[in-house]
Colleague: 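One structure coming up, written as structure tokens, with questions to follow.
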Protein chains: 2
Amino acid sequence: MTQYLSGTLAKGFKILEYLQQHTTATLNEVAFDLALNKTTAFRLLASLVELHYVKKSHQTYTLATNNQLLTQFNPPVLNWVAVPITTQITKKYQVTAYIGILNGPNVVITQVIGFDDDLSEYAKIGSAAPINESALGKAIVAYLPRSKVTALVTQLKSTATKYTLNDQALAQNLAITRQQGYSLDDEESSFGIRCLAVPIMKDGQVIASLGVAGPLTRLKRQRLKQIAHDLQTCRTEIGLQLT
Amino acid sequence: MTQYLSGTLAKGFKILEYLQQHTTATLNEVAFDLALNKTTAFRLLASLVELHYVKKSHQTYTLATNNQLLTQFNPPVLNWVAVPITTQITKKYQVTAYIGILNGPNVVITQVIGFDDDLSEYAKIGSAAPINESALGKAIVAYLPRSKVTALVTQLKSTATKYTLNDQALAQNLAITRQQGYSLDDEESSFGIRCLAVPIMKDGQVIASLGVAGPLTRLKRQRLKQIAHDLQTCRTEIGLQLT
DNA sequence: TATTATATTTCAAATAATGAAATTTTACGA
DNA sequence: TCGTAAAATTTCATTATTTGAAATATAATA
């Protein structure tokens with residue numbers, strides 16, 4: 001809280017962030033643009049130079065490119081927002097987690113978070129399923145504007161010829177999804193496999209879904225509320241990192 | 001010079017560097033290992049938390065992963081939306097597609113879009129290669145500001161000891177990349193494997209690259225323009241979905 | 001539940017940060 | 001090359017922040 005905020009640290013980072021955006025700058029520019037006294041700016045820059053976060057050359061300053069903190073933080077794979085958070089769930093329940101996004105009337109799996117070293121699940125990246133036949137799909141569609149849902153259903157009907165899509169059943173299913181906060185696929189896609197999913201929101205809009213899939217023995221019916229709760233906690237943290 | 005060194009800034013960065021090495025730490029550990037008064041450590045950590053450089057959870061501190069100064073820009077949404085868009089290309093040409101982002105003087109693969117059940121490709125997620133030894137890397141660097149390219153080359157030279165980096169050859173290669181709109185790796189990384197990549201832009205700046213890799217029989221030299229054109233169409237669509 | 005350890009807050013003293021003014025250095029034009 | 005103006009750096013005095021011990025609160029462990 002503000003009670004302990006160090007003004008010196010705040011100003012120091014302000015300068016670093018400014019140099020990240022501007023690549024190079026003079027003392028005059030830094031002081032003026034950041035509304036700092038030029039003496040203060042001078043001293044802070046001198047400190048940053050001495051600490052190897054900034055380089056000074058011919059009276060211009062640049063971010064130090066060989067500073068380990070600035071350039072060699074976590075490898076990007078670890079920054080896959082879903083992975084660190086979601087791995088707790090995949091390990092806890094020994095199931096695979098997935099992220100899906102909408103693509104026309106289908107949902108496409110775009111990220112897989114396995115619970116062991118088995119890479120076989122990754123083959124699902126890129127695979128698509130109709131929105132009504134997947135927990136990931138229903139978790140997205142349940143939170144779309146009604147007009148968009150209607151358009152997607154129309155689109156589905158024109159492509160799905162092997163069966164007649166039951167609008168009323170789907171609408172009812174989506175209402176249940178909204179009510180309980182998660183969508184469910186109970187052996188509908190694969191025998192013995194249960195799937196749950198929750199929407200991932202950004203700025204109040206659904207942009208993706210997060211779900212888990214696994215055998216009925218691991219995703220027991222009486223655990224569904226707990227699992228859904230964990231998924232909701234997870235998607236909230238993912239959502240926070242997307243902003 | 002020492003004359004202007006701010007102790008507060010020095011201590012603040014000391015803490016950040018400590019957290020980079022230790023991933024997580026308690027107040028006690030930080031204070032003890034860095035020989036700081038625990039009240040001082042507490043206040044500095046509180047400031048770093050408020051400035052979004054450190055995260056505090058259950059009395060343990062970690063570096064903030066969504067801080068743009070500390071973390072390479074790697075929006076997970078990029079890895080998500082790229083999947084359905086790029087699937088058209090992977091199916092059409094029967095090759096694997098990749099997303100790469102810059103990380104220091106390396107390019108790191110953050111997403112793989114496979115076309116068959118070859119799971120070994122997914123193990124490449126997280127792997128890094130020097131920017132000049134990868135089509136994905138060259139596709140990014142070719143569109144960076146000249147000053148940043150110079151800095152990266154300098155950094156590469158100070159790490160790469162097994163060979164002498166040819167500045168002029170690289171500069172020429174990057175000029176060709178800009179001219180033809182895509183970068184090429186013709187069996188330079190793997191025997192019999194050809195790679196092409198194009199930059200992914202956002203707000204006029206390169207943020208990642210999209211590339212394909214496959215055997216010479218599928219990525220025939222006379223098809224390269226068509227493939228590059230398809231990649232450019234894809235990257236434009238990806239770029240549109242990121243805004 | 002009690003005890004111990006860790007974290008946070010309070011208080012008073014010490015130190016550093018701050019900014020104006022002065023001085024030096026750099027850049028530019030004649 | 002010299003003079004001028006602008007930018008950068010140093011000096012000085014004042015103000016504000018940082019500091020750390022002590023006290024208090026919270027969390028963890030037996």
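Naming convention: chains lettered A, B, ... in sequence-line order (proteins, then strands); numbering from 1 in each chain. Below, all heavy atoms of this structure are taken into account, side chains as well, without hydrogens, waters or symmetry copies. Everything quoted here is computed from the prediction, not taken from an experiment.
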Colleague: So if I take residues 7-18 of chain B and measure heavy-atom distances to DNA chain D, which residues fall below 4.0 Å?
Modeller: B:Thr8, B:Lys11
Colleague: Just to verify, what does B:Phe13 make a ring-ring contact (aromatic ring centres under 6.0 Å, His included) with, not counting sequence neighbours?
Modeller: A:Phe13, A:Tyr53
Colleague: Please check if the side chain of B:Asp203 supplies one atom and the backbone of B:Gln205 the other of a donor-acceptor pair under 3.5 Å.
Modeller: no
Colleague: Taking B:Gln59 for its side chain and B:Leu27 for its backbone only, find out whether a donor-acceptor pair lies under 3.5 Å.
Modeller: no
Colleague: Not counting sequence neighbours, which residues clear salt bridge (charged side-chain N to carboxylate O under 4.0 Å, His left out) with A:Asp186? List them please.
Modeller: A:Arg194, A:Arg221
Colleague: Quick one: A:Leu36 CG to C:dG19 C1', roughly how many Å, whole number?
Modeller: 12 Å
Colleague: So, does A:Tyr4 get its side chain near the phosphate of C:dT9, meaning an N or O under 4.0 Å from OP1 or OP2?
Modeller: yes
Colleague: My understanding is that only residues two or more places apart in sequence, or in another chain, count here; which of them pass side-chain hydrogen bond (donor to acceptor under 3.5 Å, both in side chains) with B:Tyr143?
Modeller: none
Colleague: Ignoring hydrogens and angles, tell me if any N or O in the side chain of A:Ser134 forms a donor-acceptor pair with the backbone of A:Ile131 under 3.5 Å.
Modeller: no
Colleague: Under the salt bridge (charged side-chain N to carboxylate O under 4.0 Å, His left out) rule, collect the residues that match up with B:Lys11, sequence neighbours excluded.
Modeller: none
Colleague: Base contacts versus sugar-phosphate-only contacts with protein, heavy atoms under 4.0 Å: please encode nucleotides 22-30 of chain D as B, S and - from 5' to 3'.
Modeller: B----S---
Colleague: Is there any protein nitrogen or oxygen under 3.5 Å from a nitrogen or oxygen in nucleotides 12-15 of chain D, and what are the pairs?
Modeller:
none

Colleague: Whole angstroms only, please: what is the CG-P distance between A:Asn37 and D:dA7?
Modeller: 15 Å
Colleague: Verify, without hydrogens or angle tests, whether B:Thr236 (side chain) and B:Gln232 (backbone) share a donor-acceptor contact under 3.5 angstrom.
Modeller: yes
Colleague: Return the set of residues passing side-chain contact (heavy atoms from CB on, under 4.5 Å) with B:Ala25 (not counting sequence neighbours), or none when no residue passes.
Modeller: B:Tyr18, B:Leu19, B:Glu29, B:Val30
Colleague: Take the protein atom CG of A:Leu45 and the nucleotide atom P of D:dA7, then report the distance between them rounded to whole Å.
Modeller: 16 Å
Colleague: Please check: side-chain N/O of A:Ser183 versus main-chain N/O of A:Ala135, any donor-acceptor pairing under 3.5 Å?
Modeller: yes
Colleague: Can you tell me which nucleotide in D:dA8, C:dT8, D:dT19 comes closest to the side chain of A:Phe42?
Modeller: D:dA8
Colleague: Give a yes or no on whether the backbone of B:Tyr4 and the side-chain of A:Ser47 come within a donor-acceptor separation of less than 3.5 Å.
Modeller: yes
Colleague: Angle between the end axes of the helix from C:dT1-D:dA30 to C:dA30-D:dT1, five pairs per end, to the nearest 10 degrees?
Modeller: 60°
Colleague: By a strict heavy-atom criterion of less than 4.0 Å, which residues belonging to residues 27-35 of chain A are in contact with DNA chain D?
Modeller: A:Leu27, A:Asn28
Colleague: If we check side chain to side chain contact (heavy atoms under 4.5 Å, CB included) with A:Thr110, which of these qualifies: A:Leu136, A:Ile125, A:Ile99?
Modeller: A:Ile99
Colleague: Run the side-chain donor-acceptor check on residues 168-180 of chain B: report pairs under 3.5 Å with partners two or more places apart or on a different chain.
Modeller:
from, atom 1, to, atom 2, distance (Å)
B:Thr177, OG1, B:Asn173, O, 3.0
B:Arg178, NH1, B:Ala142, O, 2.9
B:Gln180, NE2, B:Tyr182, O, 3.0

Colleague: Verify the contact: side-chain N or O of A:Ser6 to OP1 or OP2 of D:dT17, cut-off strictly under 4.0 Å; return yes or no.
Modeller: no
Colleague: List in chain and number order the residues that pass salt bridge (charged side-chain N to carboxylate O under 4.0 Å, His left out) with B:Lys56, two or more places apart in sequence or in another chain; answer none if no residue qualifies.
Modeller: none
Colleague: May I ask you to test the B:Leu34-B:Ile15 pair for a side-chain heavy-atom distance under 4.5 Å?
Modeller: yes
Colleague: Is A:Lys124 close to A:Tyr98 at the side-chain level, that is, under 4.5 Å between some pair of heavy atoms?
Modeller: yes
